[in-house]
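Below is one structure, written out as structure tokens, with a few remarks after it.
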Amino acid sequence: MHITADKLVDTLSDRGYRITNARRAVCEVVAAAHDEHLSAADIYDRARAKSGTRLDRSTVYRTLEALEASGLLAHSHMGHGPSVYHLAEDAGHQHLICRRCGTTTTLPREESENLAAAIRVATGFVADLNHFALSGLCADCASGNTI
Ligand SMILES: [Zn+2]
Ligand SMILES: [Zn+2]
Ligand SMILES: [Zn+2]
């Protein structure tokens, strides 16, 4: 069962937010973006295109914050670039960013959890691994296959 735009809208409504076209458009963009890595600016652009009206950028950002506060959305930091958003159901994978070519590789949630478990066993530290991307070399760059 995927989180739907209606579910996001209902959650905002339950938290006391008035449901404007802008907020609804943000919810629709977020609910439709499963395997993408959208920044707040990307979400703003899509929501503006979808609603067909002028949108206040701060409204879009506050809506994202409200969805995060409700636990339905999570952000991840991607190296030097902007943070990206995932629905909670899509989060949990580790981002691996190549320092040479900039490619993002994802480590699936299960592997990511194994890595976190290894850190916990060794140190007792409970890591929020997927909050920040790991930097390194992608398989191609590491094997010298690219220029
Ligand atoms: Zn991701
Ligand atoms: Zn953060
Ligand atoms: Zn690379």
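Both ligands and their constituent atoms are indexed starting at 1 by order of listing.
Residue H93 approaches the Zn ion (ligand 1) most closely through its N/O/S atom NE2.
Counting only residues at least two apart or on different chains, the ring pair (Phe, Tyr, Trp, His ring centres under 6.0 Å) pairs with a member in residues 102-131 are H75-H131, H77-H131.
Considering the Zn ion (ligand 1) as centre, the angle to NE2 of H86 and to NE2 of H95 is 120° (10° rounding). Note: angle at the Zn ion (ligand 3), from SG of C138 to SG of C98, is 120° (rounded to 10 degrees).
Proximity of a side-chain donor or acceptor of R24 to a complementary backbone N or O of V9 within less than 3.5 Å is not detected. With hydrogens and angles disregarded, a donor-acceptor distance shorter than 3.5 Å links the side chain of D42 to the backbone of S39.
There is a path of hydrophobic side-chain contacts, each under 4.5 Å, that joins Y17 to V60. Under the 4.5 Å side-chain heavy-atom criterion for ILVMFWY residues, a single connected hydrophobic cluster contains both L38 and Y85.
For the Zn ion (ligand 2), protein N/O/S neighbours under 2.8 Å (waters excluded) are H75 NE2, H77 NE2, H131 NE2.
The aromatic rings of H86 and H93 sit perpendicular, their planes meeting at an angle over 60°, well past the 30° parallel limit.
Atom CG of residue L55 and atom CZ of residue R48 lie 7.5 Å apart, to the nearest 0.5 angstrom.
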